[in-house]
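What follows is a set of notes on a single structure, which appears directly below.
Convention: sequence-line order gives letters A, B, ...; per-chain numbering from 1.
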Number of protein chains: 2
Amino acid sequence: MHAAHYAAAVQTESTRRSLRALILDGRYPPGARLGEVEVAEALGVSRTPVREAFRALAADGLLAAAGRGVRVVELSADELTHVYRVRAALEALTAELAAERQRAGRLAPAELTDLAELADRTHRATVERELTEAVGLNRQFHRRVAELAGNPVALHSLERLWDQIQVSTRRSLHAPDRTALVDDQHRELLAAVTAGDPAAAGAAARRHVLDTCAAARPPEKE
Amino acid sequence: MHAAHYAAAVQTESTRRSLRALILDGRYPPGARLGEVEVAEALGVSRTPVREAFRALAADGLLAAAGRGVRVVELSADELTHVYRVRAALEALTAELAAERQRAGRLAPAELTDLAELADRTHRATVERELTEAVGLNRQFHRRVAELAGNPVALHSLERLWDQIQVSTRRSLHAPDRTALVDDQHRELLAAVTAGDPAAAGAAARRHVLDTCAAARPPEKE
DNA sequence: GCTGCATGCATTGCATGCAATGGACTTCCG
DNA sequence: CGGAAGTCCATTGCATGCAATGCATGCAGC
């Protein structure tokens, strides 16, 4: 920790990013307990920035205080459903807003082209069973829609929810026969936004998210 | 800060709460710059817990990094509108969920009675120009609805939004002739929830929030 | 008189020491 | 042999020291 005197600044932010990436990658799995010293040594910084990164990630819903210390969130099925419900509401909002902006002529055609391309690539990656990439592309697709909505508050809230979902559904990376359905729903959303139809876009987004929620739920108790 | 060895624990959390209260009360007005040492001395703790409280409140959207140090958020009219849009979406969700639970018979009658009483008290305080109390009661009313929804994720997100709005609209504490309208809309929401009508409840909540947003906007540029 | 720069200062970011807390392990008693 | 209590240790929470950074102030030059 003496050799690192170059990066004299923002250790704390860099630590936060690294830690977030490790958690999203599953290197620190849900429920894993994290120690300050352990992480500090792994990242080559002192305990102070680690401590602050812990707090920041806890506020983002990726870490949870666990008595003495902190652990990676481990959402129960019910909690995950709650997250999905909120996500559905927010993605419905962003889809509506994006469609409104399209109707108002405030979206550049290139932006919609990009979105379409993301849908393509997501579908392709899924078909080819490139699951990790597919997850990333899928998230990009949804993020792009939220960006088109032009509401930073909604986008930020969604990033948090996506993070939580990504962590909690990491181990069940099934690409079932929902593949075709997912693609259809992406197309439907894309079409509604392109058509500048807020109601349709919102409905499509909400349905898509809720379907995803249903698919993510454990085998059910049937 | 040697005399404070009694409260040997959770300074950090206590600091966060105190600071949040001070900001919501307007003691630290929007845009005010906060120094670690200043706050540390004011609260009788060292800089470390203050630092962590700063981070936590920044994550909650109450503080914003301002180059060297931190300042109380000061939302522009546009940003505030974005916040209100998200709030409208989330309150529509919670109203729907609350109504669903009512329909499913999962709400105790006493809970709805409480809600009605909160609406009463809010209206009364507003009429009597007890603005500070009215703001608090109004928030309690909305929070109660969110609690009835039974979705902790939505509730938590809303708490953050309410905080931001409360800070940013503090100085314009006008109780215009919206008084009657606000009360009407509260009643409407309450009635829809009581009737177990999710669609009506959601619509009422959304409209109410968006109306509040319109009223909160500066004189407009007409 | 104004602008640009240099210097000094206030303030933060990070590291580390110290004390307290909580948990785990061991041991003793029933 | 099982359970409960005591003790020990790992780990965190908080305080503070030190170095670096950015800002303001003042001076000099144009």
Side-chain angles (χ1 to χ4, degrees), chain A residues 1-20 22-23 27-74, chain B residues 1-23 27-60 62-74:
Chain A
M1 279 63 329
H2 311 93
H5 267 183
Y6 314 100
V10 282
Q11 253 91 333
T12 235
E13 186 56 20
S14 137
T15 300
R16 196 191 70 82
R17 291 188 185 284
S18 302
L19 209 51
R20 172 173 175 274
L22 288 174
I23 293 171
R27 296 280 294 274
Y28 289 118
R33 197 191 173 98
L34 269 63
E36 293 181 4
V37 180
E38 166 196 357
V39 175
E41 291 181 352
L43 298 183
V45 296
S46 92
R47 287 170 45 211
T48 307
V50 172
R51 185 180 207 52
E52 299 190 17
F54 277 7
R55 288 239 160 226
L57 290 174
D60 284 346
L62 282 186
L63 295 179
R68 175 59 61 116
V70 95
R71 60 179 54 220
V72 179
V73 281
E74 192 170 24
Chain B
M1 277 55 337
H2 311 94
H5 268 182
Y6 314 99
V10 279
Q11 253 93 332
T12 233
E13 185 56 21
S14 135
T15 300
R16 197 191 70 82
R17 291 189 184 284
S18 303
L19 208 49
R20 171 173 175 273
L22 289 174
I23 294 170
R27 296 281 293 275
Y28 289 117
R33 198 188 173 96
L34 270 64
E36 294 182 3
V37 180
E38 166 196 358
V39 175
E41 290 182 353
L43 298 182
V45 295
S46 91
R47 286 170 45 213
T48 308
V50 172
R51 187 178 207 47
E52 300 190 16
F54 277 8
R55 288 237 161 229
L57 290 173
D60 283 348
L62 281 186
L63 295 180
R68 175 61 62 117
V70 96
R71 60 179 54 221
V72 179
V73 282
E74 192 170 25

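Distances were taken from every side-chain heavy atom of B:T48 (C-beta onward) to each of C:dC14, D:dT16, D:dT12; the shortest belongs to D:dT16. Side-chain atoms of B:S46 lie closest to D:dA15 of the nucleotides C:dT12, D:dA15, C:dC14. The nucleotide whose nearest atom lies closest to any side-chain atom of A:R51 is, among C:dT12, D:dT12, D:dA15, D:dT12. Each of D:dC14, D:dT12, C:dC14 was ranked by its minimum atom distance to the side chain of A:V37; first place goes to D:dT12. Closest to the side chain of B:P49, out of D:dG13, C:dT16, D:dC14, is D:dC14.
Rounded to an integer number of Å, the gap from CD of B:E13 to P of D:dT12 is 18 Å. Remark: P of D:dC14 and CZ of A:R47 are 11 Å apart, rounded to the nearest angstrom. In this structure, A:E36 places its CD atom 15 Å from P of C:dC14, rounding to the nearest Å. Per the geometry, CZ belonging to A:R55 stands 7 Å off P belonging to D:dG13, to the nearest Å. In this structure, A:R71 atom CZ and C:dG23 atom P are separated by 11 Å, rounded to whole Å. The CD atom of A:E38 sits 13 Å away from the C1' atom of D:dA10 (whole-angstrom rounding). Protein atom CD of A:Q11 is 15 Å distant from nucleotide atom C1' of C:dT16, rounded to whole Å. The separation between A:E41 atom CD and C:dT16 atom C1' is 14 Å, rounded to whole Å.
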- Going through the distances and angles, do B:R16 and B:E13 end up as a salt bridge (charged side-chain N to carboxylate O under 4.0 Å, His left out)? CA-CA 5 Å; B:R16 197 191 70 82; B:E13 185 56 21; 3.4 Å; yes
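Contact annotation: B:T12 side-chain N/O to D:dC14 OP1/OP2 distance is under 4.0 Å.
Between the side chain of B:R47 and the main chain of B:V37, no donor-acceptor pair closer than 3.5 Å is present.
The two residues A:V73 and A:A64 make their nearest non-hydrogen contact at CG1-CB, 4.0 Å. Nearest heavy-atom pair across A:V72 and A:L63 is CA-CD2, 3.8 Å.
To the nearest 0.5 Å, atoms CZ (A:R55) and CG (A:D60) are separated by 13.5 Å.
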